4 protein chains.
Amino acid sequence: MKIGSQTHHSSAISAANPRVILVRGKDLCAELIGHVSFTDHIWLLITGELPSAGQCAVLDATLVAIAEHGLVPSVQASRMTFAAAPEALQGAVAAGILGCGSVILGAAESAGRLLADVVARARAAPDGTPGAGLPGGVLSALAEERVREERAAKRPVPGYGHPLHKESDPRVERLLSIAEQAGCSGRHIEAARAVEGALVAVTGKRLAMNVSAAIAAVLLDAGYPLLALKGVPILARTASLIAHLLEEQHRPIGFVLSHAGASAIDYDGPVPAGFTPGDQ
Amino acid sequence: MKIGSQTHHSSAISAANPRVILVRGKDLCAELIGHVSFTDHIWLLITGELPSAGQCAVLDATLVAIAEHGLVPSVQASRMTFAAAPEALQGAVAAGILGCGSVILGAAESAGRLLADVVARARAAPDGTPGAGLPGGVLSALAEERVREERAAKRPVPGYGHPLHKESDPRVERLLSIAEQAGCSGRHIEAARAVEGALVAVTGKRLAMNVSAAIAAVLLDAGYPLLALKGVPILARTASLIAHLLEEQHRPIGFVLSHAGASAIDYDGPVPAGFTPGDQ
Amino acid sequence: MKIGSQTHHSSAISAANPRVILVRGKDLCAELIGHVSFTDHIWLLITGELPSAGQCAVLDATLVAIAEHGLVPSVQASRMTFAAAPEALQGAVAAGILGCGSVILGAAESAGRLLADVVARARAAPDGTPGAGLPGGVLSALAEERVREERAAKRPVPGYGHPLHKESDPRVERLLSIAEQAGCSGRHIEAARAVEGALVAVTGKRLAMNVSAAIAAVLLDAGYPLLALKGVPILARTASLIAHLLEEQHRPIGFVLSHAGASAIDYDGPVPAGFTPGDQ
Amino acid sequence: MKIGSQTHHSSAISAANPRVILVRGKDLCAELIGHVSFTDHIWLLITGELPSAGQCAVLDATLVAIAEHGLVPSVQASRMTFAAAPEALQGAVAAGILGCGSVILGAAESAGRLLADVVARARAAPDGTPGAGLPGGVLSALAEERVREERAAKRPVPGYGHPLHKESDPRVERLLSIAEQAGCSGRHIEAARAVEGALVAVTGKRLAMNVSAAIAAVLLDAGYPLLALKGVPILARTASLIAHLLEEQHRPIGFVLSHAGASAIDYDGPVPAGFTPGDQ
């Protein structure tokens, strides 16, 4: 059966014949392999165009920044999965990627939507909007408006605050400065700073911009598409998962992790007379 | 409960405190972001050391070579999954990665094991081995021995033959020539060519080296670890999946693909009197 | 690092020692294996209590109803994944489950939320609500209100309409009649019928209740928890995926499906002079 | 492109038209929903025939036996994934299923292959085989032969030994006795006991049969197909995962688990002067 009303019957990413493989219209062997970096190629695949040097620098910086941060939940899920199913490295990688969700690494995309919305409102703002005429003024007012909306809806503002880097996330200033050097700094970065200020203004507490909001801001300013933002942490973490799964093959800890996890949790359901739980 | 006998309780990949994130012993913000490319960072994550320029060039070339080849099964699985579950891009990426298995993209790893084995046998070969003293001679004899073993065990020789690029896979010569330019060409590439020759000698038919064997050969010669070989196609395809899933958001074809697939298959099970199947 | 503010440190599902395994407080070997059906056990696992005969009948009916419907997208994704990665059946099952999303099988949960909301509004409705005093009257008015809200927000009403069973989904009346026989019929089924009527009233077109809304309605009336509704299609489809993957081992069609899919799609990106695409 | 040489273009599992859905040749609404249990339906889907009462009892017993055993690695992977990505319950289920691999739950299938092989060798054994003429005699000799082969190849014998139930797995005798009651007890159960004896004879140590070998033995004796054995733990655990993910929504522990896991692991890579790790 045909589901839904999809009407497209084409794709613009790749075509091939026995002698030539085209990727985004370019001859893979003659124009890409050996001529472009993997980061250039990622940008080409996603946008259809090769990046400028600045765009490539920004994408490199974000991928490097978000690839690795220790034994986060998705890395543990991946290493446990590999310990249980070593015949399928791809399954362990997939298990790790499945943890790139709305709460953790997906914040880059959610933050991107918020920043894009603030910038869009600013573009649409009439001259009489509060703050108009002041440098960054309209953005500040609109960021505050948006933060109030999120709080009214009891939604967290994505991309701000970090469980370890409470005062400031060291990756943030680094990314913003690279964007500036690359000549890619623009309205989304301004909006990201404005939201950081608005959070203090609205809540009275400092909740520092984290790497997810910074990634969203610098990539959007560089012209990277909003709807592929989540791909950046996913791709970067895939590299890190490969490294963890190689280490898992040499020095396995998957079941040490699960033993420690289980030991931290008590059973509090009903118990028949005389039952004593063993080692969890 | 504690499963198995794992005794390690440490990891050497990353550590952090509120101000500093270490990756492989380097300060992420001070030494890596903005200083190294994503490809450098991948090599660092996996091996613990930054790559030489040649190693980086070879890794870049393999990642670019294997990233994209049209609507292969894993891309279709991913786009169908996204059409059904658009709330979770990470799930669609995971579905695509799950298809990087022994039959398709995992051939890079299987080919790597075979080539590493041929090279190891050559290193261990005594002087009297047939072909000793001739350039490439021992490798040829050992490659033929290995090919005969695979055929005796009715296992396909991984990394040779391609459903579209039957005469030759255009990515192969490109990768081998980049390895040579990078000064990374060595015994695994020799072994890969020797196996190609051995296949003709043993079977009487030409089965050309494909991109998977070439990737394995150039990476092993560059010093990339065998047990992380499968990570290269997985990582490269992740980039391609992001591109396909962005296109799926703009021009969805997931259900067009599944409609075409279902239409190609008949039902041949039992049928009660009077039943006529509808559109599959 | 500790992420978020989770404060629980216990679970009420299972405990064990070397001689006894407890599941939901019951001795697995003495009280459950051989004494209860898998369906009883599913209900016990999820709710903490064994089901009544009626609850078990309803859960059985829903699981049987939703398990299989031919070569739907998730089955194709699973069979293609297995063809590419036959070493990991669990990976192919996972790929199939990843397609149980908001657009396709997840509609059971979304419909459940909608029906639960209509019922909750009816419970909270003051005596003067339009339709109060008439049989089913308040529900009809509230269902219409809810349908208008969904349309105003440009959201589809989940659980109504089907690409193949356009006039009526044959599973629906069967499920509703089993609920009635089981003595489990109640307000959520009434609400499901009321929404069906409201859709005609609001849109002027008939959009028949489908299996997803029926599953939600009968399970909620039987006392099954709303937040586990999505588990029913996931579990049922897992059974079906096992069957398809067994067939895939005996009579593989994974690459036939992907060939047909790719053949239905044209490449419409840029093409260099002289390039002719081969067989997709 | 067409991959491989698949020649089938049909499936025997399901067909449908707007009024009738066929599953394995039966009218889903008229013959199955409300008439058969989910366990009957699973057997029908997988084998193409409805089970006898004994077959259904055995399948029920195995599914109940293997569904739940506390916070095993795959459950932890699933709960962590849900904590990170609560928008996609199906992703968390998939992450849990990916841990049903060769080391943990996949042992049912590996044990099944071993038992089926011992039984096949016994069937093919000539009259003069050692032990022929004695009750169970040939099986014992062949089981010992097989155990010696596994040890010579340095492969663990799948389905024997358990990290918690070291002396005996309480589920085993229960399953074997249900098979006997159901009239399904046969050569695979004999073989499973023979392997248990052979392990003592060969190694001098007792390694008790665990639930995986028992599941394989009773299902094979009941006529369940070997190539779908892995589906039983996968399906049973899916039920358990739904229960854990419902609990995770009410009483989240996903990040408590990951915090405990990370705290059990030290960083032992290089450290620059002055760096002190924070809370992992």
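Per chain, numbering begins at 1; letters A, B, ... match sequence-line order. Given the structure is predicted, the values throughout are model-derived calculations rather than measurements.
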Chi angles and distances behind the side chain to side chain contact (heavy atoms under 4.5 Å, CB included) call for Arg79(A), Ser11(B): CA-CA 12 Å; Arg79(A) 293 185 75 147; Ser11(B) 169; 4.0 Å; yes
Segment of Ile253(A) engaging chain B (4.5 angstrom heavy-atom cut-off): both
Reported CZ-to-CD distance for the pair Arg237(B) and Gln90(A), which is rounded to 0.5 angstrom: 13.5 Å
Gap separating the CD atom of Glu173(B) from the CD1 atom of Ile33(A), nearest 0.5 angstrom: 11.5 Å
Contact origin within Val58(A) toward chain B - heavy atom pairs under 4.5 Å: neither
Separation between CG of Asp169(B) and CZ of Arg19(A), rounded to the nearest 0.5 Å: 13.5 Å
Gap between atom CG of Asp60(B) and atom OG1 of Thr39(A) - 0.5 Å precision: 7.0 Å
Check against side chain to side chain contact (heavy atoms under 4.5 Å, CB included), Phe38(B) and Leu59(A): CA-CA 8 Å; Phe38(B) 183 41; Leu59(A) 181 55; over 6 Å; no
Under 4.5 Å from a heavy atom of chain A, the part of Val256(B) involved: both
Nearest heavy-atom neighbours spanning Gly254(B) and Gln6(A): N-OE1, 3.3 Å
Leu44(B) side, atom CG; Glu68(A) side, atom CD - distance, nearest 0.5 Å: 10.0 Å
Between Leu257(B), Leu235(B), Ile13(B), the one whose heavy-atom pairs under 4.5 Å with chain A are most numerous: Ile13(B)
With sequence neighbours excluded, residues passing side-chain hydrogen bond (donor to acceptor under 3.5 Å, both in side chains) with Ser10(B): Asp268(D)
Interface moiety of Leu32(B) toward chain A, non-hydrogen atoms closer than 4.5 Å: both
Option that, when pairs with chain B are counted at under 4.5 Å, heavy atom only, ranks first among Ala61(A), Ala236(A), Pro170(A): Pro170(A)
Distance, nearest 0.5 Å, that separates NE2 of His69(A) from CD1 of Ile21(B): 3.5 Å
Pairs touching residues 83-108 of chain B that satisfy salt bridge (Lys or Arg N to Asp or Glu O under 4.0 Å), sequence neighbours left out: Glu87(B)-Lys230(C)
Structural part of Leu28(B) lying under 4.5 Å from a heavy atom of chain A: side chain
Atom group of His8(A) that falls short of 4.5 Å from chain B, counting heavy atoms: both
Region of Ala65(B) that comes under 4.5 Å of a non-hydrogen atom in chain A: both
Gly231(A) versus Leu89(B), closest heavy-atom pair with distance: N-CD2, 4.4 Å
Which atoms of Arg251(A) approach chain B - backbone, side chain, both or neither, heavy atom under 4.5 Å: both
Contacts with chain B made by residues 238-249 of chain A (heavy-atom distance under 4.5 Å), listed by residue number: Thr238(A), Ala239(A), Ser240(A), Ile242(A), Ala243(A), His244(A), Leu246(A), Glu247(A), Glu248(A), Gln249(A)
Options Pro233(B), Gly4(B), Ala94(B), ranked by heavy-atom pairs under 4.5 Å with chain A, top entry: Ala94(B)
Which portion of Pro252(A) sits near chain B, non-hydrogen atoms under 4.5 angstrom: both
Which portion of Ala12(A) sits near chain B, non-hydrogen atoms under 4.5 angstrom: both
Side chain / backbone / both / neither for Arg171(B) at chain A, heavy atoms under 4.5 Å: both
Pairing residues for Asn210(A) by the side-chain hydrogen bond (donor to acceptor under 3.5 Å, both in side chains) criterion, not counting sequence neighbours: none
Closest approach of His165(A) to Pro18(B) (non-hydrogen atoms, all atoms of both residues): ND1-O, 2.7 Å
Pairs of heavy atoms under 4.5 Å with chain A: top-ranked of Leu227(B), Val20(B), Ile178(B): Leu227(B)
